[in-house]
Protein chains: 2
Amino acid sequence: MSLKHAILVLLETEPGSGYDLLKRFKERLGYFWNASHQQIYLQLKNMNQAGLLQCEQQPQVGKPDRKVYKITHSGHEALLEWIESPAKVSRVNDALLVKMYAGHLVDKHIILQEILQHKKVHQAMLNTFLTLEEKYLNMEAQEKAGYALPFLTLRKGILGEQAWLDWAVEVEVFLT
Amino acid sequence: MSLKHAILVLLETEPGSGYDLLKRFKERLGYFWNASHQQIYLQLKNMNQAGLLQCEQQPQVGKPDRKVYKITHSGHEALLEWIESPAKVSRVNDALLVKMYAGHLVDKHIILQEILQHKKVHQAMLNTFLTLEEKYLNMEAQEKAGYALPFLTLRKGILGEQAWLDWAVEVEVFLT
DNA sequence: CTCTCCATGTAACTGGTTACATGATTGG
DNA sequence: CCAATCATGTAACCAGTTACATGGAGAG
């Protein structure tokens, strides 16, 4: 299970609350890791209990306390251990392809419409990634160096989305 | 969710036992849908109870009964309804990219080794897909027509794996 | 005044994995 | 003889989603 480790990664550089983490997930790991706020709050509680994080409560007026979590030494150790041990090849379960496979059962326009809807989402993601890429490429050498690995994950996103869109073209050609 | 629907797809053309389905998953939906035998047996039981499938028990000597499941009318309806209603864009949770993102915490050879391991698996998958593609391309026009949609899902696999391997090259260039 | 964002959480449920369990047959 | 494959399942656990719940602040 890796939500735990993803949280450790995001807290490794700076402490943050559950909500902060939610935002960081969207900004930084958005393409390859998703987490809902419910999952995050629960995980933080568990990880705090397990001693991977420590929590500082900041009282707020008219709001629930702001709980800022910080990685502990034990948390840092756990993170390194995880990075160093091999990960399984992640296998997808893609419902769209199951539909595609059985598409002969319905009118082909239904499948085509579905593809076009998904295409919009993938095109939008690609655009976001390309904007981020440009930002990176315009950085000064020094700043660039610090973002090299995140940039490689961005490249994964770009190549993945481009492949998706190339595939969509093949599908459209066949279905129209 | 969709394991249910994937099973309906696989039983739509011909009945089969849990073990038959396990094999069909591997052969036909392998790239985009994974299911363990435990999941399948459980689902079949539930779907039988829900009236989507009917089960015929074939007694066997020295073995548990062979339970052959067949899609019912209600199951067929459920399948069509599912295909016709929009699917969410599937979002990946890829632990390898989380590691990559935080790769600065460890020696870069650790990340490189991990990439090389994963690359082997992706290369093997691509080879399998390319073999299947060739098989399809050598079919006669008539037979080809019947496999057009499954062929498109195969194309997705091919484009996806090629993109993965292209990305791996970029990673290797950076890490060596 | 309503909508969106900020900010936090609990509870029930569904989906999926890991571990356990059994035993025959086939191929090297 | 040993490993793999055939063939079936249960139980405990872990991960993730959906629904529910609350309430302030700022924008239009």
Side-chain angles (χ1 to χ4, degrees), chain A residues 1-8 15-27 29 32-50 52-53 55-69 78 82 87-95 98, chain B residues 1-8 15-27 29 32-50 52-53 55-69 78 82 87-95 98:
Chain A
M1 130 9 218
S2 298
L3 172 59
K4 192 164 86 177
H5 305 287
I7 289 175
L8 289 174
S17 67
Y19 198 81
D20 292 336
L21 284 171
L22 187 64
K23 281 185 293 184
R24 288 185 206 171
F25 268 106
K26 282 183 189 159
E27 285 164 19
L29 312 185
F32 52 92
W33 201 274
N34 293 277
S36 63
H37 76 273
Q38 294 93 328
Q39 247 180 300
I40 292 170
Y41 286 119
L42 190 64
Q43 250 331 299
L44 286 172
K45 204 169 79 174
N46 295 343
M47 290 166 75
N48 184 32
Q49 267 164 33
L52 302 172
L53 304 178
C55 171
E56 194 192 317
Q57 256 161 298
Q58 300 175 345
Q60 293 185 117
V61 274
K63 281 184 190 179
D65 291 357
R66 181 177 155 84
K67 289 178 194 158
V68 176
Y69 293 92
W82 174 71
K88 286 186 201 166
V89 175
S90 81
R91 299 190 174 274
V92 223
N93 282 17
D94 190 335
V98 177
Chain B
M1 236 268 275
S2 295
L3 171 59
K4 193 164 85 177
H5 304 289
I7 289 175
L8 289 174
S17 68
Y19 198 80
D20 292 335
L21 284 171
L22 186 65
K23 280 185 293 183
R24 289 185 205 171
F25 268 107
K26 283 184 189 160
E27 284 165 20
L29 313 185
F32 52 92
W33 201 273
N34 294 276
S36 62
H37 77 273
Q38 295 92 330
Q39 249 179 296
I40 292 171
Y41 287 119
L42 190 63
Q43 251 330 300
L44 286 172
K45 204 168 79 175
N46 296 342
M47 290 166 75
N48 184 33
Q49 267 163 33
L52 301 173
L53 304 178
C55 173
E56 195 192 318
Q57 256 161 298
Q58 300 174 345
Q60 295 186 116
V61 274
K63 282 184 188 178
D65 291 356
R66 180 176 155 83
K67 289 181 196 158
V68 177
Y69 292 91
W82 174 73
K88 286 186 200 163
V89 174
S90 81
R91 300 192 172 275
V92 223
N93 281 18
D94 189 336
V98 176

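We name chains A, B, ... by the order of the sequence lines, and we start the count at 1 in each one. Just so you know, these numbers come straight off a predicted model, no measurement behind them.
With a 4.5 Å cut-off on side-chain heavy atoms, A:M47 and A:L8 count as touching. By the 4.5 Å heavy-atom criterion applied to side chains, B:I40 and B:Y19 are not counted as neighbours.
As a whole-Å value, the separation of B:H5 NE2 from C:dT14 P is 13 Å. In this structure, CD of A:Q43 is placed 16 Å from C1' of C:dT10, rounded to the nearest angstrom. Atom-to-atom, NE2 of A:H37 to C1' of D:dG23 comes out at 14 Å; the value is rounded to the nearest Å. If you take CG of A:L42 and C1' of C:dA12, they are 13 Å apart, rounded to a whole angstrom. If you take CG of A:N93 and P of D:dT17, they are 13 Å apart, rounded to a whole angstrom. B:Q49 places its CD atom 14 Å from the P atom of C:dT14, with the value rounded to the nearest Å. Going from atom CG of B:L44 over to atom C1' of D:dA7 covers 13 Å, rounded to whole Å. In this structure, the OH atom of B:Y69 is 9 Å from the P atom of D:dT8, given to the nearest Å.
When the nucleotides D:dT10, C:dT18, D:dT8 are ranked by their closest atom to the side chain of B:S17, D:dT8 comes out on top. Distance from the side chain of A:K88 is smallest to C:dT18 among D:dG16, C:dT18, D:dG9. Proximity note for B:Y19 (side chain, C-beta onward) versus C:dC6, D:dT17, D:dT5: the nearest is D:dT5. Considering only the side chain of B:K23, D:dA7 comes nearest among C:dT8, D:dA7, C:dT17. Closest approach to the A:Q39 side chain among C:dT8, D:dT17, C:dG16 is made by D:dT17 (side chain taken as heavy atoms from C-beta onward). The side chain of A:K45 has C:dT10 as its nearest neighbour among D:dT8, C:dG9, C:dT10.
The shortest distance between the side-chain N/O atoms of A:Y41 and the OP1/OP2 oxygens of C:dT8 is below 4.0 Å. Between A:Q38 and D:dG16 there is no side-chain polar atom (N or O) within less than 4.0 angstrom of OP1 or OP2.
For B:Q43, there are no side chain to side chain donor-acceptor pair (under 3.5 Å) partners, not counting sequence neighbours.
For the residue pair B:V98 and A:W33, the shortest heavy atom distance occurs at CG2-CE3, 3.8 Å.
Using a distance-only test at 3.5 Å, with no hydrogens or angles considered, a donor-acceptor pair links the side chain of A:D20 to the main chain of A:S17.
Residue order along DNA chain D, read from the 5' end via each residue's closest nucleotide, puts B:D20 first among B:D20 and A:S36.
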Original post:
Where does DNA chain C pair, written as one dot-bracket string 5' to 3', with Watson-Crick or G-U pairs under 3.5 Å, ( ) inside the strand, [ ] for crossing pairs and | for another strand?
Top reply: ||||||||||||||||||||||||||||
